[in-house]
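For the single chain, residues carry numbers from 1 onward in sequence order. None of the values given here were measured: they were computed from a predicted structure.
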Amino acid sequence: MFKVGLTGGIGSGKSTVSEMFKNKGISIIDADIVSREVFNIYPEIYDKIRKEFGESFFDEKNNLKRREFGSYIFKNKDERKKYEAIIMPFIKKEINDRIDALSLENKKICILDAPTLIENGVHKEMDLNILVSVDLETQIERVKKRDNLSFSEVMHRINSQMTIEEKKQYVDFIIDNS
């Protein structure tokens, strides 16, 4: 099966491009969806987060306060790295399991839509990589509007990822989605 990595910064329009491919009948694995689903598939992730970060990021029903936790880790690079060390092995395993399942279904191609494809080295496992690029001003406005975040919160998220310019060095094609 031919594997395509689709990446870009937050608010670049990866989901829009991904949807275009999906409408053409191409199977999509969305790493953002996988990153949420792994909590249900591997509930031990919660225990690891509690042990590393404490109880304050959990509500009275023991649910992770995602927005509060996200704001915290995006402001603190070292804390984000600790979180990624917990979650990424589960995400990578689930992505690989889904790729294997699509291969068993004799799919000819699949696209992995992953914002941190390059940062986590997954681009090396793809046959081809595509970057969805956007100018910074458009990116900021899209994320502020979509996620109802402040400028500061948006910038913490943008700055937590590799820059678009850096990502260009690792991809085969670039889609300008400005």
Should the heavy atoms of other residues, nucleotides or ligands under 6.0 Å from CZ of F2 be counted, would the total exceed 12? yes

Check this for me: does any side-chain nitrogen of one of R36 and D32 sit under 4.0 Å from a carboxylate oxygen of the other? no

Any side-chain donor-acceptor pair under 3.5 Å between S178 and D135? yes

Do other residues, nucleotides or ligands put more than 12 heavy atoms under 6.0 Å from F173 CZ? no

Could you tell me if R50 sits above the aromatic ring of F58, with its cationic atom closer than 6.0 Å to the ring centre and no more than 45 degrees from the axis? yes

Lys NZ or Arg CZ of R66 over F39 ring: under 6.0 Å, within 45°: yes

Decide, yes or no, whether a salt bridge links K82 with E79 under the criterion of side-chain N to carboxylate O below 4.0 Å. yes

Decide yes or no for N159 and K75: does some side-chain heavy atom of the first lie under 4.5 Å from some side-chain heavy atom of the second? no

With the threshold set at 4.0 Å, does a side-chain nitrogen-carboxylate oxygen contact exist between E52 and K48? no

Please step through salt bridge (charged side-chain N to carboxylate O under 4.0 Å, His left out) for the pair E119 and K167, ending with a clear verdict. CA-CA 9 Å; E119 292 91 327; K167 288 183 181 199; 3.5 Å; yes

Are more than 12 heavy atoms from other residues, nucleotides or ligands located less than 6.0 Å from atom CD of E137? no

Can you tell me how the ring of Y170 sits relative to the ring of H123, calling it parallel under 30°, perpendicular over 60° and tilted otherwise? perpendicular

Establish whether M126 and I111 are linked, either directly or via other cluster members, by ILVMFWY side-chain heavy-atom contacts under 4.5 Å. no

Between D47 and K51, does the salt bridge (charged side-chain N to carboxylate O under 4.0 Å, His left out) criterion hold? Intermediate values first, please. CA-CA 6 Å; D47 296 332; K51 185 176 180 181; over 6 Å; no

Does one side chain, of D100 or S103, offer a donor that lies under 3.5 Å from an acceptor on the other? no

I'd like to check I87 versus I45 (side-chain heavy atoms, cut-off strictly below 4.5 Å). Are they in contact? yes

Between the side chain of S160 and the main-chain N/O of R157, is any donor-acceptor distance below 3.5 Å? yes

What is the ring orientation for Y72 with F57, classed by angle as parallel under 30°, tilted 30 to 60°, or perpendicular over 60°? tilted

Does R98 pair with E37 as a salt bridge, N-O distance under 4.0 Å? yes

SB check E84 R80 (cutoff 4.0 Å): yes

